[in-house]
Undergrad: 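There's a structure below that I have some questions on.
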Amino acid sequence: MTQCARCGKHICLEETFPGLPAGCPMEGEDRLYEESLEEYKKPEIRNIAVNAAITEAAGYGVWTRLEEIAEFAWRAHFNKLGMAFCMGLSKEAVRIEKILRKLGFEVESAVCKTGRRPKELLGMRNEDKVRPGTFEVICNPIAQAKLLNRVKTDLNIVIGLCVDMTPCSSSIPRPGDRACRQRPGAGP
Ligand code: SF4
C-alpha cells in the first residue's frame with residue numbers, strides 16, 4: 001500500500017518523527033529505499049540527481065522551467081537536447097527550440113504525430129476518432145522516444161504530451177514552475 005495522496009502529515013520531510021501515518025509506503029520498505037539510494041550512487045544517475053537538486057535550490061521560485069532546464073543541462077554537461085512535443089504546442093516548440101539553440105545547445109525534436117500511422121492500424125473504430133469520418137493518425141510517443149534515442153540526445157524534454165502518451169502519464173503538465181505560478185507554459 002502506498003497512499004501519499006491521503007497523507008496530510010508529510011513526515012518524510014522531517015528529520016525526526018514520532019510514527020508513520022496509515023498507508024505510508026515507508027512502513028517496512030527500508031530495503032526498497034536502500035536499493036533506490038544505491039541507484040542514485042551510480043555516476044550517471046548521481047550526475048542527474050545532484051545537479052537537479054542544485055538547480056532547484058539555485059533558482060527556486062525565480063527561474064522559469066525553461067531556465068531551469070538550461071541551467072540543469074549546463075551543470076550536468078548535457079549538450080544535445082531532445083524535444084518530444086505535442087502537435088498542439090507546435091508554436092511553443094518553435095520558440096523553445098530557438099531559445100535553446102541560442103543558448104548554445106544542439107537540439108533535436110520529434111512531434112507526436114510523426115510516422116502518420118492511421119488510427120485504424122490499432123483497430124480503432126471510426127466513432128472513436130476526435131472527428132469521425134476523417135483521416136486521423138495515432139500519437140506516437142514510442143517513435144518519438146526511438147527517434148531521439150537514435151540521434152543520441154543527452155536529455156529529452158517532454159512538451160505537452162497528452163493523456164494517452166505514456167503508461168505513467170502526467171495529469172498536470174510537469175508542475176513546479178514556481179516562477180510562473182505552476183504554469184510552465186506561461187511567462188513569469
Ligand atoms: S511518505 Fe509517508 S509521510 Fe510522506 S507523504 Fe507519503 S504517507 Fe505521508
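Keep in mind it's a predicted model, so treat the numbers as computed, not measured. Both counts, for ligands and for their atoms, begin at 1 and track the order of listing.
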Undergrad: Below 2.8 Å, any N, O or S contact between Cys24 and atom 2 (Fe) of ligand 1?
TA: yes
Undergrad: Tell me whether His10 reaches ligand 1 (any heavy atom closer than 4.0 angstrom to a ligand atom).
TA: yes
Undergrad: Between Lys113 and Glu136, is there a side-chain N and carboxylate O pair less than 4.0 Å apart?
TA: no
Undergrad: Is Tyr33 atom OH crowded by more than 12 heavy atoms from other residues, nucleotides or ligands, each under 6.0 Å away?
TA: yes
Undergrad: State, with a plain yes or no, whether a side-chain heavy atom of Phe72 is found less than 4.5 Å away from one of Ile54.
TA: no
Undergrad: Consider only side-chain heavy atoms of I, L, V, M, F, W and Y, link residues closer than 4.5 Å, and tell whether Ile96 and Met87 are in one cluster.
TA: yes
Undergrad: Looking at atom 6 (Fe) of ligand 1, what's its closest protein heavy atom, distance included?
TA: Cys4 SG, 2.5 Å
Undergrad: Heavy-atom contacts with Ile11 under 4.0 Å: which atoms of ligand 1 show up? List them by number with element.
TA: 3 (S)
Undergrad: Which residue and atom name correspond to the protein heavy atom nearest atom 4 (Fe) of ligand 1, and how close is it?
TA: Cys12 SG, 2.4 Å
Undergrad: Between the side chains of Glu39 and Ser36, is a donor N or O closer than 3.5 angstrom to an acceptor N or O?
TA: no
Undergrad: To check your reading of the model: name the closest protein heavy atom to atom 8 (Fe) of ligand 1, its residue, and the distance in Å.
TA: Cys7 SG, 2.4 Å
